[in-house]
Each structure stands twice: as structure tokens, then as C-alpha cells.
There are 2 protein chains.
Amino acid sequence: MVLNRYGHVMARSMNTRRPATLASLAAELGVSRTTVSNAYNRPDQLSPELRRRVLETARRLGYPGPDPVARSLRTRKAGAVGLLLTENLSYAFRDPAAVGFLEGLSLACEEAGQGLLLVPANPEREDVAAVHRAGVDGFVVYSVPDDDPHLAAVLERPVPTVVCDQPDVDSVDRVGIDDREAIAAVARHLIELGHRRIGVVCMRLARDRNDGFVSVQRQREAHFHVQRARLAALADTFGEVGVQWADVPVVERFDHSISCGATAAGQLLDRDPDLTAIICTSDILGLGALNEARRRGLRVPQDLTVTGFDGITEAERAGLTTVRQPVLEKGRAAGRLLMDNADHGRPRTVTLDTELVIGTTAAAPKSSDQWYGP
Amino acid sequence: MVLNRYGHVMARSMNTRRPATLASLAAELGVSRTTVSNAYNRPDQLSPELRRRVLETARRLGYPGPDPVARSLRTRKAGAVGLLLTENLSYAFRDPAAVGFLEGLSLACEEAGQGLLLVPANPEREDVAAVHRAGVDGFVVYSVPDDDPHLAAVLERPVPTVVCDQPDVDSVDRVGIDDREAIAAVARHLIELGHRRIGVVCMRLARDRNDGFVSVQRQREAHFHVQRARLAALADTFGEVGVQWADVPVVERFDHSISCGATAAGQLLDRDPDLTAIICTSDILGLGALNEARRRGLRVPQDLTVTGFDGITEAERAGLTTVRQPVLEKGRAAGRLLMDNADHGRPRTVTLDTELVIGTTAAAPKSSDQWYGP
DNA sequence: TGCGGAGTTGAGAGCGCTCTCCTCACCCAA
DNA sequence: TTGGGTGAGGAGAGCGCTCTCAACTCCGCA
């Protein structure tokens, strides 16, 4: 029976090009499957001569080596890390901050010899199947809304997970920065310069599209931790100097692009031409705001102060006043945390440092606008 | 026996947190595995009521749904595409052209609901294991040297493969551009402007590091098709107007960075200060050459003409005269070719268009340098 | 001649799943 | 009553591999 089966397989492998298997190879050689397996995985477990014969026969039969999927099933490890992004996969390659994160993560994967599987998770469709289908040993989740079904699907999988910029997920390792403190530094800087009439441009706050002004309630209920924290910190910091947050216009953009930053800034300036500063929660949006200012003939920083967040190269080049966060380091830390499978008792947290970068886009408001106070 | 086994599994799933399996779920419910499987994969195959019970019990037992690896083994599809790069994985995120390619490829993957697995293939180590370990339904190979062991390992795998910028691989689908014609356009442009004393900066030609001048033989034997083709086309095109290629200095750089472009240009200018033009085989190198020219106080294009290749955003911003190639389209085409598993008889080839971009970095050489001829 | 041990090889048991037949009711037309 | 159509669910057979543990071979040494 066994011989029949192998014979059958053999025949097919010869004729109909059905790929040879470890078993058919073993049959051909007259050795056990174990021996063939060892030839690939534990060369020290068999004589060099036999190993040579095995590998040579493999070449002859076109046996491509042990099937990775079958091996994964048996060994219970896939040799890859899954990455879940909130956006369309392709988007990640368009945002320099995300690219930096990817670079760091891939660095960590490389160190560990692990593959990096980009999981297609379309935020529009609630198609979680891709998460279920992913053959990975762990997940890194990069800045998704806390109510994202993909995130939920990941957490259901019985594999370790690291989330980024998501302190609100329970019992999972996390990597991030102190978003509150980071943007508070920007706020304090602007306050010192004398700004009180500010506007804010922020990224998507939830899964539904809302391109326009944002109520305080929506700010508080934002599903993206990062944005929520930054807005809250701005509210607190400006609140300390008597700025009523409810009066501060905040414009949201679903898409994250320079042109969105421009239109958002335009929306702010249309409503309130007397703004002295626009705070953006990302450099991409900040660059857009700069463009819009230029388009309107506003001089930056004399007529308008603009700030960003992230510290991407393009922002540096533009002289944008911003907060630099170590995006590459963030990716790397996430990867390492995931792959360092010390059986940690409690969830670990890595908080990375940020740095206020004083560029050339922030200055004291024109004296007519300036606020004189205690 | 069967019951015992299931019982055992169940017990562990309850106590030691061993994840439940489809079989243990079936045992718990008193139905067959098939039914549970159907509950997930073919809802129409069982009554809604039973399905509800199954899913509810699954939730109760913490069953995360069918194991993706086991499913892959059985269905013989992994739901992912592997990407092999010549460089360290992380490098791919630093080269805008590669990022564009990745964006396109991920776009195609997304369309098809496939994952994208970045395979860690360190070019230094000859560690092919990662290729063998990759659980994927196909491979995309992006610009690796034709003697790369990783490429060989991919070709041994019994899965479809698409190579990019690699016309020399047999019986495999390919995507690329007409490198000869593309760079010949640059050459003709420079020839028309009057350049005859030119130098070339090219990327890595083989797997061994050779940062410096390149012999004609090494050019001919280059293992990177793209570089080989471009150099050959330059030789031919300039040869047609009487330039002896053997006299044209060509400098190679192993690493692909702006600073490498700068030092390479420096090497050329040190050896031959009378060069009127430096042709670079990539924009990144071209940007470096621009920097070096600036550093030396050479005006571009009055004192020195510089050209690039790729058409990345940064080059456009710098006004670099270059060739635009549709990198995103290339990635997308590669993905589509791979995923469109029409059982094509012969290997298919997609050749994408390129376009000469006239920037501000190329002009006629100063009259003293100019070549007057027939 | 016998025996412990080192070095090799093999048998059997799954890893967790899906797929292809089957079976078994059940029901309605003839 | 009977034949067979229909829909729900099950049995059995692997997918291709690795791992544990036992067995076998050969050698030197007593």
C-alpha cells in the first residue's frame, strides 16, 4: 500500500510534473522520510555520503526542498510577521513617516530572519478574512482606530501582537511616543511666541469621513488615539493660558496628503483670517498648510505660523517647525518587541523620545495680533 | 480513542490555554469537523441555526477560526505573494524608486486580496533559507543580479514567478523597460548638445564590491541586466559619433545613495576635470553628482551637465534631466502578471514606456569644450 | 565471545484543516 | 406505496512535513 502510494506519486512526478514530495524522494532512494528531512534540516544527523545522495536525487527529481507550508504546520511557526495598517497597503508607501516605520520594522525582521507580511486590510470593506488567512507568528498593528474590526480580528488570533501608537488596547505590547507631551512642546513654544488665535488641522479621527470642522465631542471621542491625545494636549496647554478650546477651530481631513493639508488650512483661514498660527498634527498636512499660505500671499512666519509633526525629511527641507519622532526606531522597536519572545508576564511598553524642532515657520505674531498679558 | 483525543485536547484548551481546534470544537458540539469547517467557509452548506451554534461555541471556547497554515496546506494556496529584493529589506524603503515599485505591487496585491511577503534576503550572506521558508503562491523578483543564489532558489520553487528588469531569466514572466532605448535617448540628447567628453556613474554591477573605475570587461560581464544594458547602450550611442568607449571613464558604486553619487562624481572629476557631462544611471546618484558639482563650485549646467535615471520626485524638484520610468506601474504590472494565472503557454513580457525628461541640468558645453565636427 | 555506547536510520504519530463522496431523512409527484 | 429529488450533515482520506523514540550497525575493549 505504502509502496503503491509512493509509486503512484512518483509516476505523477515523472509524467504529469506533479512536484515530488519528501515521501516520494524517500521512496526513490529507499530511505525513510526522516532521513530525507534530516538531509535538509539536520545535516549532522546523517552521513555526508547519504546526504549527498539525497540532495543529488532531489535535484534530479526536481524536488524543491521541504514545502514551507507543510513545515510551518508541523513546526508551528511561519517565519513571518504580519503587519496591519489602517490604510490601503499602497498608501503606506506614500507617507514618509509610514515608510520610515516600515524600514525600521523590516530591519528588525531581517535581523531575526523573519519575513514581513503586509496584510491587505481595506478600511472601507470590513473584510477581515485577510487577517485570518495570514500565516504569521505575530502581528504588528500600526496606528489603526481602536474600533477597527481588523484589529479585533488580530487580537483574536492566538499569536503575540504589538501595537503602535495605541495605548488603549489591553494586555498587548505597545510602542509609541508620549503624544501629549510631544505636541504640548509645540503648544508651549507657540504660546511663548505669543500666539493665542490658533487653528488646528488634524488627521482622520474616526473611520467615517468628516472633512471639515470638528466638534469638541468628536475630538474627545476620536478613535485614533494619536489624534485624540494630541488634540487633548493642545486643549489643555492652551487652556492653561486662557484659550477657550471650544473657540479654537479644528479641521479634520480623512485623507492624508499635502493637498488635503492645503485645503484644510484654507478652510481655517476662510473662517478666521485673523489666525496667527496653524498647528498641524502631521508634517504632510503642515506642508500643505505652507503651500496654502504661500498661495494666499501670506508670509510664513511673519503673517502666519505653521507647525507640523513627525520630522520627515521633506519637512526639514522646508524648515517646518515640528516635532521629530523616531519613526524608524519605532518600527524597529515594534519588531524587536514582537520577536523577543521572552515569556513576559505583563504587557511591555516602549515609549520613544521626541524632540521639538525649531524651524523657520514659527515666529511671534505681528504686533497688532499679539497678545499682551500677565 | 477519538473521543479520548478530543477530550484531551478540550481539557487543555480549557486549562492550559491550548488553543481549541476545529476538531475539538466539533467534538464539543457533537457534530463533524466538516460541519464546523462549513460554518466558516460555506455558510450555505448548513442551517443558519446550526451555524449560529457553531460560531457561538467557537467564541465561548476561544476558537480563533481555522488555522491559516493548516488551511494553506490543504488548499494549496497561501494567499500571499513573495517579494525578493536584491538588497537588505530595509534598503528598499530608502530608495524612492523601490518604494514606488512596492506601492504598485502592493496595489495589485490589494486588488487581489493577497498579502505581500517581504522575504529577507541578505545579499552578503548566501542564506537562501528564507526563500525556502516563504509560504507564498508566487514570487516577484525585483532587480537582482542574474547570478544571485536567492533568484536561483526562487526559480526552484514550484510557483509562478515574475522578474523585473531581468530579461535574461528563462521561461519566466517579466516586466521591465527598454533600458537601452531609454538611456540612448539621454545619450542622443547630450550628443546633440555637443557633449563628447563624458563620464558615467553607475550602480553596482555585480555582487562583489568595486567602488571605483570599471573596466570595459567588467561592464560587459555585469550581472545586473539593467546596468549592463544601459552601459552598453551608452557605448553604442556615443560610439556612433566617434567616442571611443574605452576612453570613457565609468565609476561604479556598490551602495546606492546620494553621497555615493557625490564621491563617484568626484572621482570622475579628479581624474578628468575636463569632463563636460556626467551621466548617472540613477537619479539618486545624479543628485549626488549635483551636490558634488556644487561643492566644487561648478555651475550646472554651464560648467557641467548632469543626468539621472528613474524620474523620482526629488529629481524632478532638483530639475534633473533624466528618464522617467513608471516605477509604480512596474510594480503593479508585476503583481497583475503574477496573479493573473491564466495558464499561459509561453512566458509573457511587459515592457513599459519611458520618457526623456528635459530638466535644467543639461546644456551645451562651454564653447571652449565644444566639439565641432561633421 | 560478548557488550556498552556512539553513530545512523526508521516507524509511527500526528500538525489542523478541507474535500470528495456518502448517508440519511424527508417530502412530493406518480 | 414507491421512486427519486433535495438538503443537511458525516466519514475517511489525505495535504507534506517533522519529531520522538526505538532499533540497528559497527566498533573497540574486556
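What's counted below: heavy atoms across the whole structure, side chains too, no hydrogens, waters or symmetry copies.
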*Asks:* Let's see if you can work this out: which of C/dC17, D/dG16, D/dG9 has an atom nearest to the side-chain heavy atoms of B/Asp67?
*Replies:*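 Of C/dC17, D/dG16, D/dG9, C/dC17 is nearest to the side chain of B/Asp67.
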*Asks:* Apply salt bridge (Lys or Arg N to Asp or Glu O under 4.0 Å) to B/Arg42 and list each qualifying residue two or more places apart in sequence or on a separate chain.
*Replies:*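 Checked B/Arg42 against salt bridge (Lys or Arg N to Asp or Glu O under 4.0 Å); zero matches.
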*Asks:* Mind grabbing the angle between the end helix axes of the helix from C/dT1-D/dA30 to C/dA30-D/dT1? Five pairs an end, 10° rounding.
*Replies:*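 Here the helix ends are tilted 60° relative to one another.
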*Asks:* Run the salt bridge (Lys or Arg N to Asp or Glu O under 4.0 Å) test against A/Arg336 and tell me which residues pass, sequence neighbours left out.
*Replies:*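 In terms of salt bridge (Lys or Arg N to Asp or Glu O under 4.0 Å), with neighbours along the sequence ignored, A/Arg336 is linked to A/Glu111.
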*Asks:* Measure from the side-chain heavy atoms of A/Leu22 and tell me the nearest of C/dG10, D/dG9, D/dC17.
*Replies:*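 So the side chain of A/Leu22 is nearest to D/dC17.
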*Asks:* Output the single nucleotide from C/dT9, C/dG16, D/dA8 whose closest atom is nearest the side chain of B/Leu73.
*Replies:*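 Between C/dT9, C/dG16, D/dA8, the one nearest the side chain of B/Leu73 would be C/dG16.
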*Asks:* May I have all residue pairs that pass salt bridge (charged side-chain N to carboxylate O under 4.0 Å, His left out) and include part of residues 129-139 of chain A, sequence neighbours excluded?
*Replies:*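 For residues 129-139 of chain A, and leaving out neighbouring residues, there are no salt bridge (charged side-chain N to carboxylate O under 4.0 Å, His left out) pairs at all.
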*Asks:* Do B/Leu46 and B/Val31 come close enough that some side-chain heavy atom pair is under 4.5 Å?
*Replies:*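 No. Closest side-chain heavy atoms not under 4.5 Å.
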*Asks:* Quick one: sort the A/Phe93 and B/Phe93 rings into parallel, tilted or perpendicular, breaks at 30° and 60°.
*Replies:*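 Parallel.
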*Asks:* Below 4.0 angstrom from OP1 or OP2 of D/dC17, is there any side-chain N or O of A/Tyr63?
*Replies:*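 Affirmative; the distance criterion is met.
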*Asks:* Does the side chain of A/Arg76 get closer than 4.0 angstrom to OP1 or OP2 of C/dG16 through an N or O atom?
*Replies:*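 Yes, because at least one side-chain N or O of A/Arg76 sits under 4.0 Å from OP1 or OP2 of C/dG16.
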*Asks:* Does C/dG16 have OP1 or OP2 sitting under 4.0 Å from an N or O in the side chain of B/Thr21?
*Replies:*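 Negative; the distance criterion is not met.
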*Asks:* Looking at side-chain heavy atoms only, is the closest gap between A/Arg348 and A/Asp340 below 4.5 Å?
*Replies:*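 Yes, close enough: below the 4.5 Å cut-off.
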*Asks:* What pairs of nitrogen or oxygen atoms, one from the protein and one from nucleotides 19-21 of chain C, lie under 3.5 Å apart?
*Replies:*
from	atom 1	to	atom 2	distance (Å)
C/dC19	OP2	B/Arg42	NH2	2.8
C/dC19	O4'	B/Arg74	NH2	3.4
C/dC19	N4	B/Thr34	OG1	3.0

*Asks:* Counting side-chain heavy atoms from CB outward, which of C/dC17, D/dG10, C/dT9 is closest to A/Ser47?
*Replies:*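 My answer, after comparing the listed nucleotides, is C/dT9.
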*Asks:* Return the set of residues passing salt bridge (Lys or Arg N to Asp or Glu O under 4.0 Å) with A/Asp165 (not counting sequence neighbours), or none when no residue passes.
*Replies:*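 Per chain and number, A/Asp165 pairs via salt bridge (Lys or Arg N to Asp or Glu O under 4.0 Å) with A/Lys330.
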